[in-house]
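Report on one structure; see the data block that follows.
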There are 2 protein chains.
Amino acid sequence: MSDHVHTTADLTKNQSLVMGALAKASGPLSAYTILDELRDHGFRAPLQVYRALDKLVEYGLVHRLESLNAFVACSHAECEGHGQTAFTICQSCGDVTELADDDLAVRLKSLAARSGFTVRHSTVELRGTCRDCAAG
Amino acid sequence: MSDHVHTTADLTKNQSLVMGALAKASGPLSAYTILDELRDHGFRAPLQVYRALDKLVEYGLVHRLESLNAFVACSHAECEGHGQTAFTICQSCGDVTELADDDLAVRLKSLAARSGFTVRHSTVELRGTCRDCAAG
DNA sequence: ATCGCACACGTTATACCATTACACAATCAT
DNA sequence: ATGATTGTGTAATGGTATAACGTGTGCGAT
Ligand SMILES: [Zn+2]
Ligand SMILES: [Zn+2]
Ligand SMILES: [Zn+2]
Ligand SMILES: [Zn+2]
């Protein structure tokens with residue numbers, strides 16, 4: 001199981017429900033927002049959401065946005081899991097976009113390696129202004 | 001005042017106390033830990049800490065670690081403020097190191113610019129294993 | 001069969017992080 | 001003086017995340 005590539009088909013009931021909520025959302029959701037959306041499906045406590053999220057993040061289907069305390073479905077869930085990802089977060093309209101750049105991953109690893117540090121997971125979150133908001 | 005480069009000499013009493021707590025700490029501190037350390041100096045409420053932290057971060061003297069919900073004194077406070085910084089966070093010993101790399105800043109900006117996004121502030125936090133923990 | 005184990009699940013309570021709202025004092029420009 | 005700005009103190013609240021405990025189910029080893 002641990003060397004298996006998880007897809008939405010492998011998920012448990014709670015994991016599927018949380019994944020569904022994130023997949024149909026237009027942007028990131030907080031754990032408590034997910035909880036509220038799933039009360040009709042029997043969810044009663046934060047832990048039900050957090051446990052599902054832990055697994056979904058572990059499987060690479062969901063990313064956690066540290067600077068927003070929120071979670072978002074991976075934009076590339078259809079393909080194989082990807083190693084490195086970066087997010088842009090528009091401070092004006094709230095839009096969040098996932099950028100994939102393998103070269104960035106290499107660069108970050110080597111930057112850290114200079115001081116003997118081995119990267120296992122990296123968080124890159126860029127805040128600023130999106131194209132639409134800059135134009136408007 | 002707004003175009004002034006702030007140093008520890010410009011700070012208000014509360015800002016100085018918070019800055020002092022962070023400066024003498026060996027690593028990042030949470031706002032509530034700072035509060036506890038400053039109770040003897042008259043601090044009574046979280047807001048006193050958060051208000052000071054807001055300013056210190058604005059002045060570039062302190063960085064916020066999003067993935068830890070904690071704050072750390074800038075390693076380069078003696079020099080001019082720097083634009084871009086990255087952190088390594090050892091998951092084994094908790095050690096946090098600030099890495100400066102201006103080239104990284106350029107790369108992140110241009111990566112974002114490809115999709116028309118203008119970066120105002122970037123968060124880069126690398127989690128993994130530090131040299132000492134890998135050796136031991 | 002049944003024991004032991006791993007894993008998902010449900011519930012309650014608690015801990016931890018951050019902000020809102022209101023009031024007061026000090027400072028500075030006009 | 002007056003008003004605007006900024007820093008401060010206090011209380012209350014809101015938002016995020018985990019601890020601790022118990023239940024049930026599936027499955028391999030005995
Ligand atoms: Zn992704
Ligand atoms: Zn925007
Ligand atoms: Zn710094
Ligand atoms: Zn370490």
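Predicted, not measured: the structure shown is a model, and the values here were computed from it. Chain identifiers are assigned alphabetically (A, B, ...) following the order of the sequence lines, protein sequences preceding nucleic acid strands; residue numbering begins at 1 within each chain.
For Ser30(A) and dG15(D), the shortest distance from a side-chain N or O to OP1 or OP2 is not below 4.0 Å. Checking the phosphate oxygens (OP1, OP2) of dC9(C), no side-chain nitrogen or oxygen of Lys13(A) falls inside 4.0 Å. Listed pair Asn69(B) / dA17(D) fails the phosphate criterion, with no side-chain N or O lying under 4.0 Å from OP1 or OP2.
Of the candidates dG9(D), dT16(D), dA8(C), the closest approach to any side-chain atom of Thr12(A) belongs to dA8(C). When distances are taken from the side chain of Leu47(B) to each of dG7(D), dT11(C), dA11(D), the shortest belongs to dA11(D). Looking at the side chain of Gln48(A), the nearest of the listed nucleotides dT16(D), dC17(C), dG10(C) is dG10(C). When distances are taken from the side chain of Arg44(B) to each of dC17(C), dT10(D), dA18(C), the shortest belongs to dT10(D). Out of dA18(C), dT11(C), dG10(C), the shortest distance to the side chain of Ala45(A) is found at dT11(C). Listed nucleotides: dG7(D), dG10(C), dA18(C). Nearest to the side chain of Arg64(B): dA18(C).
One can place CG of Leu53(A) at 15 Å from C1' of dA8(C), the figure rounded to the nearest angstrom. Computed from coordinates, the Ile34(B) CD1 to dC16(C) P distance equals 15 Å when rounded to whole Å. What separates CG of Leu11(B) from P of dT6(D) is a distance of 16 Å, to the nearest Å. Between Leu17(B) atom CG and dG9(D) atom C1' there is a gap of 15 Å when expressed in whole angstrom units. Going from atom CZ of Phe43(B) over to atom C1' of dG7(D) covers 12 Å, rounded to whole Å. Protein atom CG of Leu29(A) is 15 Å distant from nucleotide atom P of dG15(D), rounded to whole Å. One interatomic measurement links the two molecules: CG of Leu35(B) to C1' of dA18(C), which rounds to 13 Å at whole-angstrom precision.
The aromatic ring of Tyr50(A) does not sit over the base of dT18(D), since the test of centres under 5.5 Å and planes under 30° is not met.
Using a 4.0 Å cut-off between charged nitrogen and carboxylate oxygen, Asp101(A) and Arg107(A) do not count as a salt-bridge pair.
Summarising the local packing, CZ of Arg120(A) is surrounded by 12 or fewer heavy atoms from other residues, nucleotides or ligands at distances under 6.0 Å.
At a threshold of 4.5 Å between non-hydrogen side-chain atoms, the residues Leu22(B) and Leu53(B) count as touching.
Side-chain polar atoms of Ser115(B) and Arg131(A) form no donor-acceptor pair below 3.5 angstrom. For Thr123(A) and Arg64(A), the side-chain atoms include no donor-acceptor pair closer than 3.5 Å.
If you check distances only, the side chain of Tyr32(B) never reaches the base of dA15(C) with a donor-acceptor pair under 3.5 Å.
Taking for each of Ala70(A) and Gly42(B) the nucleotide of DNA chain D with the nearest heavy atom, the 5'-most of the two is the partner of Gly42(B).
Residue contacts shown for Arg51(B) include a base, since a base heavy atom lies under 4.0 Å away.
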